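Have a look at the structure below, then the notes.
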Amino acid sequence: MNQSPELLRRLLRAKDAMDRASHEAWPVARLAAVSAVSAAHFARSFKQAFGLPPHRYLLSRRIERAVALLRETDLPVTDIAAQTGWASLGTFGRIFRDITGDSPGNVRERERAGHAAVPGPVPECHARAALRPDLNIAVLEKRRRAVAANVDPT
């Protein structure tokens, strides 16, 4: 089912708002208001247009920003969690590990080591796309699959 250009523009407004302020709370009702559509229609249409539900998209932006802060700053993980919109350090750590497969401290070490080894300048858009977390399946589904395969999900 194709979406109208007008609806896509409205959805992009909400997506852009999440990109600009991923540290803020973005419940579906707020995103729907930005898009000027109903909450149910927004949630359905956003997933259809972008391949991810709005909440999962927001999680990917937050984790992407956290990885950048880990790589580029010496801020403590607690500060990074707060700056990227997490109210709970435990939730941040659990979701971060579920998405990236590693702890924030290990990712910091790996990112810094990998960043130093880059042979030349890479356009930022390509670097971000390569580092973007893969959230095509839900975190809980990843855990279920790991348990079914008798593999540690962390």
Side-chain angles (χ1 to χ4, degrees), residues 1-112 114-115 122-144 146 153-154:
M1 177 165 48
N2 289 332
Q3 295 174 327
S4 74
E6 176 58 28
L7 177 59
L8 290 173
R9 277 191 293 277
R10 290 171 184 240
L11 296 173
L12 280 171
R13 281 186 214 131
K15 186 173 178 266
D16 289 345
M18 282 191 284
D19 288 341
R20 276 191 311 277
S22 63
H23 61 283
E24 293 181 12
W26 286 103
V28 171
R30 182 179 179 197
L31 292 166
V34 169
S35 299
V37 296
S38 73
H41 185 60
F42 174 82
R44 231 182 1 262
S45 299
F46 189 95
K47 183 174 181 183
Q48 182 183 8
F50 302 113
L52 295 172
H55 184 257
R56 219 175 298 163
Y57 178 80
L58 180 60
L59 288 179
S60 72
R61 288 294 159 255
R62 287 181 174 177
I63 296 301
E64 184 179 291
R65 179 71 183 133
V67 169
L69 288 170
L70 288 166
R71 180 180 54 243
E72 298 165 4
T73 72
D74 290 323
L75 289 171
V77 172
T78 308
D79 292 350
I80 290 173
Q83 284 187 21
T84 54
W86 302 92
S88 161
L89 182 60
T91 302
F92 168 71
R94 181 176 46 81
I95 299 295
F96 190 95
R97 181 180 288 276
D98 286 344
I99 291 173
T100 66
D102 214 342
S103 70
N106 289 345
V107 168
R108 173 175 267 164
E109 289 175 20
R110 185 177 64 237
E111 287 291 319
R112 287 184 172 177
H115 192 62
V122 176
E124 186 176 347
C125 60
H126 292 285
R128 284 181 185 250
L131 297 173
R132 189 161 290 137
D134 180 19
L135 291 177
N136 289 326
I137 61 171
V139 170
L140 292 176
E141 180 61 23
K142 287 181 184 179
R143 287 187 191 143
R144 278 190 217 109
T154 55

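Note that the structure is a prediction, hence the values are computed from the model and not measured.
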note = Minimal heavy-atom distance between Val28 and Ala39, with the atoms involved, is CG1-O, 3.5 Å

inquiry  = So, using salt bridge (charged side-chain N to carboxylate O under 4.0 Å, His left out) as the criterion, who are the partners of Arg108 when residues are at least two apart?
reply    = none

key: Any pair counted as ring-ring contact (aromatic ring centres under 6.0 Å, His included), so long as it reaches residues 7-27, sequence neighbours left out   = none

key: Residue list, side-chain contact (heavy atoms from CB on, under 4.5 Å) with Asp19, at least two apart or on another chain   = Lys15, Asp16, Tyr57, Arg61

remark   = Output for pair (Thr73 OG1, Ile80 CD1), nearest 0.5 Å, gives 4.5 Å

For Val107, side-chain contact (heavy atoms from CB on, under 4.5 Å) partners two or more places apart = Val67, Leu70, Phe96, Thr100, Asp102, Arg110, Glu111

task = Starting at CG of Leu12, measure out to CZ of Arg9 and round the result to the nearest 0.5 Å.
result = 9.5 Å

message = Show the nearest heavy-atom pair for residues Arg62 and Ser22, with the distance to one decimal.
response = NE-O, 2.7 Å

Qualifying salt bridge (charged side-chain N to carboxylate O under 4.0 Å, His left out) pairs, either residue in residues 39-48, two or more places apart = none

request  = Any pair with a residue in residues 28-38 that passes side-chain hydrogen bond (donor to acceptor under 3.5 Å, both in side chains), sequence neighbours left out, goes on the list, sorted by first then second residue, please.
outcome  = Glu24-Arg30

message = So, using salt bridge (charged side-chain N to carboxylate O under 4.0 Å, His left out) as the criterion, who are the partners of Arg20 when residues are at least two apart?
response = none

query = How long is the gap from CG on Leu52 to OG on Ser60, to the nearest 0.5 Å?
reply = 6.5 Å

key: Nearest-0.5 Å distance that lies between atom CZ in Arg65 and atom OG1 in Thr84   = 8.5 Å

message = Set out, in order, the CA-CA distance, both residues' side-chain angles and the distance that settles side chain to side chain contact (heavy atoms under 4.5 Å, CB included) for Ser45 and Val37, then state yes or no.
response = CA-CA 10 Å; Ser45 299; Val37 296; over 6 Å; no

remark   = Across all chains, not counting sequence neighbours, the side-chain contact (heavy atoms from CB on, under 4.5 Å) partners of Ala33 are none

inquiry  = As a quick check of understanding, evaluate side chain to side chain contact (heavy atoms under 4.5 Å, CB included) for Leu31 and Phe46, giving each step before the final call.
reply    = CA-CA 10 Å; Leu31 292 166; Phe46 189 95; over 6 Å; no

note = Contacts of Thr91 meeting side-chain contact (heavy atoms from CB on, under 4.5 Å) (sequence neighbours excluded), chain-then-number -> Trp86, Ser88, Arg94, Ile95

request  = Taking all non-hydrogen atoms of both residues into account, name the closest pair between Arg112 and Arg71 and its distance.
outcome  = NE-O, 3.3 Å

request  = Drop me the distance from Glu6's CD to Leu8's CG, to the nearest 0.5 angstrom.
outcome  = 9.5 Å

